[in-house]
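Have a look at the structure below before the remarks.
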Number of protein chains: 2
Amino acid sequence: MSHTREDVIAAAGRMFAAKGYHGTSMRDLGRELGLLGSSLYSHVGGKQELLVEVVARGAKLFQAAADRALATEGTAADRLRALIAGHVDVVLDHRDEVRTFLNEARSLDAEARAAVVEARDRYEEAFRTVLREGIEDGSFRPEVDPVVDGIFVLSILNAIERWYDVSGPVDRSELVARLHRFVLGGLAGGG
Amino acid sequence: MSHTREDVIAAAGRMFAAKGYHGTSMRDLGRELGLLGSSLYSHVGGKQELLVEVVARGAKLFQAAADRALATEGTAADRLRALIAGHVDVVLDHRDEVRTFLNEARSLDAEARAAVVEARDRYEEAFRTVLREGIEDGSFRPEVDPVVDGIFVLSILNAIERWYDVSGPVDRSELVARLHRFVLGGLAGGG
DNA sequence: CCTACCGATCGGTAGG
DNA sequence: CCTACCGATCGGTAGG
């Protein structure tokens with residue numbers, strides 16, 4: 001049974017997501033694949049390279065989802081719903097990369113961490129854009145702050161990986177519906 | 001300059017919050033206090049004990065805040081506001097313990113981790129209680145789910161430590177006001 | 001992909 | 001609180 005670089009990166013995603021970067025050793029990673037830690041170095045340059053690769057995949061998935069959502073026709077609320085649904089899809093379909101992207105960026109060296117900060121900012125900007133549109137056309141409250149309220153929305157979305165249980169009582173469409181209703185109320189509601 | 005057990009725990013809180021449990025060595029911790037790693041063992045039993053202590057303090061602070069908030073007279077919305085304001089106070093006034101409580105529980109051994117899970121559940125229960133009250137008296141939408149929407153509220157609150165800048169443009173009272181408006185809209189709003 | 005290993009660092013202890 | 005250590009484990013390399 002021969003392994004590829006892809007196998008190693010996938011295993012790294014699984015283990016970094018489950019036990020964290022510092023909590024995962026190259027020997028752990030090797031064991032997961034049925035070989036020795038030292039054997040991994042014929043497939044990858046090192047542990048840090050694995051983290052960079054997994055995190056980059058998470059970042060790319062979110063950015064692609066945001067680009068698609070922003071291209072949605074209709075109102076600001078429609079695009080907001082598309083952003084929410086896209087985020088949920090990324091989280092549920094690529095949980096390991098998402099967890100690593102969200103929780104292990106701290107372990108990246110300076111350069112790679114800067115790239116993550118930039119990726120997050122671009123992603124947040126998609127939400128701020130939609131919030132501004134909604135404030136302008138009157139569908140959201142005028143006191144909404146695109147920065148602060150944008151963070152509120154993303155806080156809810158980014159937390160999903162921490163609690164959502166795929167085999168629990170809330171299915172994907174109900175999750176999206178509840179998210180959308182709560183967020184829309186938060187932005188438009190007559191609190 | 002002689003150190004106390006309290007000094008060591010405080011330093012551990014600072015370093016666990018900044019670099020994580022696995023990212024902090026006993027030698028790092030000693031250096032922070034101007035002594036050797038091995039010297040810490042005359043003040044504390046070990047590294048894990050330090051984590052347990054810091055996390056327990058975080059848990060206690062949140063629980064005390066919730067108890068106070070639930071004792072607030074008035075409507076469910078009033079108690080919700082008290083919960084939010086109490087949470088913000090805990091996060092801003094005890095950031096190290098909060099960060100460690102929220103982010104490093106994974107590094108606790110099984111027994112201590114179970115205690116954290118229980119503490120979190122009790123804290124979440126305070127929010128669920130207020131949500132149920134608000135649904136019953138009609139101030140919140142009938143479709144609100146105390147569990148799921150409670151998680152949404154706590155997701156926003158728990159994320160504050162990650163982005164809020166004490167010397168930034170949003171002061172404490174504005175933060176609480178924006179949180180309350182967003183959350184109340186999410187629960188009551190005519191989305 | 002394994003064998004055999006490297007220097008560095010880890011949490012922790014004995015003894016003062 | 002330091003000196004002087006311990007065994008274990010870490011990421012990584014040389015050579016096959």
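Here is how names work: the chains are called A, B, and so on, in the same order as the sequence lines, proteins then strands, and each is numbered from 1.
The side-chain hydrogen bond (donor to acceptor under 3.5 Å, both in side chains) check on A:Glu174 picks up A:Arg178, with sequence neighbours excluded. Remark: A:Arg95 engages no residue in a salt bridge (charged side-chain N to carboxylate O under 4.0 Å, His left out) (not counting sequence neighbours). In this structure, the side-chain hydrogen bond (donor to acceptor under 3.5 Å, both in side chains) partners of B:Gln48, at least two apart in sequence or on a different chain, are B:Tyr21. In this structure A:Glu111 satisfies the salt bridge (charged side-chain N to carboxylate O under 4.0 Å, His left out) test with no other residue, sequence neighbours excluded. Not counting sequence neighbours, the partners of B:Asp121 by the side-chain hydrogen bond (donor to acceptor under 3.5 Å, both in side chains) test are B:Arg128. B:Ser25 pairs by the side-chain hydrogen bond (donor to acceptor under 3.5 Å, both in side chains) definition with B:Asp28, not counting sequence neighbours.
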Could you list all N or O pairs between the protein and nucleotides 14-16 of chain D that sit under 3.5 Å apart?
none

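Atom CZ of residue A:Arg122 and atom CD of residue A:Glu124 lie 13.0 Å apart, to the nearest 0.5 angstrom.
If you find the closest nucleotide of DNA chain D to B:Leu35 and to B:Arg27, the one lying nearer the 5' end belongs to B:Leu35.
Residue pairs satisfying the ring-ring contact (aromatic ring centres under 6.0 Å, His included) criterion with at least one member in residues 143-173 of chain A, sequence neighbours excluded, are listed as follows: A:Phe152-B:Phe182. Sorted by first and then second residue, the ring-ring contact (aromatic ring centres under 6.0 Å, His included) pairs involving residues 72-125 of chain A (not counting sequence neighbours) are A:Phe62-A:His87, A:Phe62-A:Phe101, A:Phe62-A:Tyr123, A:His87-A:Tyr123, A:Tyr123-A:Phe127.
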Check your understanding: Could you spell out the base pairing of DNA chain D in dot-bracket, with Watson-Crick or G-U pairs whose two distances are under 3.5 Å, [ ] crossing and | to another strand?
Key -> ||||||||||||||||

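Around CZ of A:Arg172, the count of heavy atoms belonging to other residues, nucleotides or ligands within 6.0 Å exceeds 12. For CD of A:Glu118, the number of neighbouring non-hydrogen atoms (other residues, nucleotides, ligands) closer than 6.0 Å is 12 at most.
In this structure, B:Leu36 reaches the bases: a heavy-atom distance under 4.0 Å links it to at least one base atom across the strands shown.
A heavy-atom distance below 4.0 Å to DNA chain C is reached by none of the residues of residues 9-24 of chain A. Within residues 41-52 of chain B, the residues approaching DNA chain C are B:Tyr41, B:Gly46, B:Lys47, by heavy-atom distance under 4.0 Å.
Here D:dA8 presents its P atom at 17 Å from CG of A:Asp28, a figure rounded to the nearest Å. For the pair A:Leu29 CG and D:dG12 P, the computed distance is 12 Å after rounding to whole Å.
Put simply, the side chain of B:Ser39 never gets that close to the backbone of B:Leu35: no donor and acceptor are under 3.5 Å apart. The backbone N or O of B:Ile84 lies less than 3.5 Å from no partner atom in the side chain of B:His180, so there is not a single donor-acceptor pair.
At D:dT9, none of the side-chain N or O atoms of A:Ser25 fall inside 4.0 Å of OP1 or OP2 (strictly under the cut-off).
Set against C:dC1, C:dG11, D:dC2, the side chain of A:His3 has C:dC1 as its closest nucleotide.
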